[in-house]
Amino acid sequence: MKPVTRIAPSPTGFLHVGTAHTALYNWLFTRKHGGKFILRIEDTDIKRSDSAMSDVIIESLKWLGLKWDDGPYFQSDKFPIYKKYADLLLEKGKGYFCYCTPEELEERKKEAISQKKTRKYDRKCLDLSDFEKEKLKDRPKAIRFFIPDGKVSFEDGLHNKVERDSQDIEDFVILKSDGTPSYNLACVVDDYELGITNVIRGEDHLVNTFKQILLYKAFGWKPPEFVHHPMILGTDRSKLSKRHGAVSVLDYKKQGILSEALVNFLALLGWSPGNDREIMLRDELIELFSLDRLSLTASVFDIKKLEWMNGEYIKKLGDEELLDRVLNLPEPRTPNPEPREYMLKIVNILKPRMQKLTDFVKFSDYFFEDPTQYESEGVDKYFKIPEVSQRLSLVKDRFSELKEFNVEAIESAVRKLASELGIKAALLIHPIRLALTGKTGGPSLFHIVEILGKEAVIRRLKKALLFLKT
RNA sequence: GCCCUCAUCGUCUAGGGGUUAGGACACCACUCUUUCAAGGUGGGGACAUGGGUUCAAUUCCCAUUGGGGGCACCA
C-alpha cells in the first residue's frame, strides 16, 4: 500500500524550521515510496489563526521545494464534522459535558499544585445529577472525553513500544464550549478521513499520541503508524525559539541561504544515510532516506554548519544562476548596472568566498562606487610607507600606457615595475588594492583591476594619491 | 510534582561485545598565495556515572545523574 502522509502546521506564526524539518521527513518518506503527501492547515483556534500566516507557510513550503500532492485542507472548513464526531462519542457514553469555567478550572488546578496532588481534571462534571445539570444549563459547555481505565500503548516506529497508564491522562476536552474541536479530536478525525497511513511528527507530540490512540479506539478506527522524531534544539539545548535567532524558514531565505542547502542541512539534523555522505541533493536524499535511520537524540541547530553547507551549494552554482539568485534577494539589494557581463565577472571571482547570497552585497561594494574611505589598518600598513605615493604614481602611469587592459597585461606591468624598482610585487599590490577597494583583503587584485576597467582604476589611483598628500 | 523520552568529540553524526572509536562543522598549525577566502596537509578533542551479564563492555541489562518534551476549552 502506498503511504499517505501529511504536514499539519497551524497558522499562528511563520513556518518554523522545526515544522519544516518534520515536513521534510514526511516528504522524503512519501517521495521514496511513491505515496501521497498532504498539506493540512490546523486553524481550529480562530482567535490565534491568521490567514496571512497560512499564505506564508504555503510560500515557505514551496520555497523549500516540498510540494504536496493534495490540499491545502483547512480545518476551519470542517467544524460541523468535528462536532458530529464529538456528539457521537457523547451518544456512545464515551464523552460527557463539562460546565466548568476556565476560571474554576484554573483555581482548582492551582490548588492541586499547592497541595502537591495530581493536576489532572477532577471529573467534577462526570456524575452531575439532573438537578445540577438543570441549574447549569445556561452555562457554555464543553465535551470531554472519558478516559477508560487500563494501559494505553502503541508501537512507535522509532521508540518501539511505548506505554502509559491511563490514570496519568486526564479527561481532555474534545469539543470546546464554542463548538470548535480541540487539537486531538480534529487531528484524529482528519487523519482518519484523509486516510493517513503514517504520522511522522516531532517528539513533542508523543504524549498526545496516547490520547489519540484512545480516540481511535473509541471510534473503532485503525490508527496509523506513528514515528516520533527527535526535536531541534537551540545552542543552550532548550527548544529552538526566537531567542536563539532565526527560526522562520523565510528568515533564512532572506539571509541568503539556499533552499537546497537548508533542506540538506535539516535532513542531517536527526538522520544520516549511515555513512559519511553529507552533501546530498534532493534526489539523493529521497533515494537514501529511511525512517529507521532516524536518530533518537535531539539535535542542536548549528548555524555555522548550515552556512558552511550553503557555501558548498553556492560553489556548485553556475555564474548565471548565482547572479540571478543574488539579484532576487529582497534585502539588501545589490546594484545591477548594465551590462550583465560586468555582474557575471564579479560573481565569478566572489563565488569562492561567499557563504550566503547576501555576502555578495557585502563583498562587492567597490565594484559599484569608488571607495569613500580606506581601512585604517591598511592605511597604517601600506599608506604610511614614504615611497608609496611615488610608487602608486608610477603604477598609474604604467596602467595608462597599457593598450590591452586584461589580467595578463596588468599583472606583467605590475611585476615588471616591481622588479625595476627592486622591490617585491607585494609592496605594489597591497597599496593598489587599498587604493582601489579601500580594503586589505579580497579576490585577486589583477582580476579586480581588469573588471574595474582602466578609467575607474586611474581615477581611484588619483584619488588615493590626493588622500596621501593630506 | 506527575508522565513520556533520550544519552559517542564544543556541535551534527558513523559504529557496535574484542576498533589506533571513523567522518563533517567549528578551532589550531602548516602549506599554497599579492591579501582575504577557497583548496591541500596535519593536530587537539568523545563513548555521563555506578552496578551487573560476559573471557571481554563504549556497545546488552538495571539504577543514578543529566538533558529534552508533555501535563490548556494552544496546536
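Order of the sequence lines fixes the chain letters, A, B, ..., with proteins taken first and strands second; residue numbering starts at 1 for each chain. Everything numeric here is computed off the predicted structure, so don't read it as measured data.
- Judged purely by distance below 3.5 Å, without hydrogens or angles, the side chains of Asp171(A) and Tyr96(A) pair a donor atom with an acceptor atom.
- Atom NZ of Lys305(A) and atom C1' of rG10(B) are 13 Å apart (whole Å).
- When Watson-Crick and G-U wobble pairs are counted only if both distances are under 3.5 Å, rC2(B) pairs with rG70(B).
- With rounding to whole Å, Ile169(A) atom CD1 is found 10 Å from rC4(B) atom C1'.
- Residues from residues 432-440 of chain A that place a heavy atom under 4.0 Å from any atom of RNA chain B, listed by number: Arg433(A), Thr440(A).
- Taking atom CG of Leu350(A) as the reference point, atom P of rC36(B) lies 16 Å away to the nearest angstrom.
- Two rings, from Phe289(A) and Tyr25(A), have their centers less than 6.0 Å apart.
- As rounded to whole Å, 16 Å separates atom C1' of rG15(B) from atom CG of Asp292(A).
- Out of rA26(B), rU5(B), rC12(B), the shortest distance to the side chain of His159(A) is found at rU5(B).
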What's touching nucleotides 60-65 of chain B from the protein side, N or O pairs under 3.5 Å?
none

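- Evaluation of atom-type donor-acceptor distances gives a pair under 3.5 Å for the side chain of Ser444(A) against the base of rU34(B).
- Residue contacts shown for Phe446(A) include a base, since a base heavy atom lies under 4.0 Å away.
- Checked against the 6.0 Å centroid threshold, His159(A) and Phe226(A) do not count as a close aromatic pair.
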### Task
Would you give a per-nucleotide map of nucleotides 66-75 of chain B, 5' to 3', where B means the base has a protein non-hydrogen atom under 4.0 Å away, S means only the sugar-phosphate does, and - means neither?
-SSBSBSBBB
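- Within residues 262-281 of chain A, the residues having any heavy atom closer than 4.0 Å to RNA chain B are, in order of number, Leu268(A), Leu269(A), Gly270(A), Ser272(A), Gly274(A), Asp276(A), Glu278(A).
- Going from the C1' atom of rG44(B) to that of rC4(B) covers 39 Å, rounded to whole Å.
- Rounded to whole Å, atom P of rU13(B) lies 12 Å from atom CE of Met309(A).
- The pairing partner recorded for rC9(B) is none, the criterion being a Watson-Crick or G-U wobble arrangement whose two distances lie under 3.5 angstrom.
- Side chain to side chain, Thr209(A) and Arg201(A) meet the donor-acceptor criterion of an N or O pair below 3.5 Å.
- Put simply, CG on Leu306(A) is 12 Å from P on rA26(B), counting in whole angstrom units.
- Note on Lys356(A) versus Glu307(A): salt bridge recorded, some NZ/NE/NH1/NH2 to OD/OE distance being below 4.0 Å.
- Using a 4.0 Å cut-off between charged side-chain N and carboxylate O, Arg398(A) and Glu420(A) make a salt bridge.
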Give me the distances for all protein-to-nucleotides 37-45 of chain B N/O pairs that come in under 3.5 Å?
from, atom 1, to, atom 2, distance (Å)
rA38(B), O4', Pro352(A), O, 3.4

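- The partner of rC36(B), taking Watson-Crick or G-U wobble pairs whose two distances both stay under 3.5 Å, does not exist in any strand shown.
- Using a 3.5 Å distance cut-off with no hydrogens or angles, the side chains of Thr180(A) and Asp178(A) do pair a donor with an acceptor.
- For Phe29(A) and Phe37(A), the ring centers sit 6.0 Å or farther from each other.
- With both ends at atom C1', the span from rU59(B) to rG69(B) equals 27 Å, rounded to whole Å.
- In the set rU34(B), rU13(B), rU11(B), the nucleotide with an atom closest to the side chain of Ile429(A) is rU34(B).
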### side-chain contact (heavy atoms from CB on, under 4.5 Å) between Thr44(A) and Phe79(A), worked out
CA-CA 8 Å; Thr44(A) 54; Phe79(A) 284 144; 4.1 Å; yes
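- Proximity of residues 79-88 of chain A to RNA chain B (heavy atom under 4.0 angstrom from any strand atom) is not detected for any residue.
- In this structure, Lys315(A) pairs ionically with Glu312(A), as a charged nitrogen and a carboxylate oxygen lie closer than 4.0 Å.
- Atom NZ of Lys161(A) is separated from atom C1' of rU5(B) by 17 Å (rounded to the nearest Å).
- The interatomic distance linking Glu377(A) (CD) with rC36(B) (P) rounds to 10 Å, in whole Å.
- Across the P atoms, rC9(B) and rA46(B) are found 9 Å apart, a figure rounded to whole Å.
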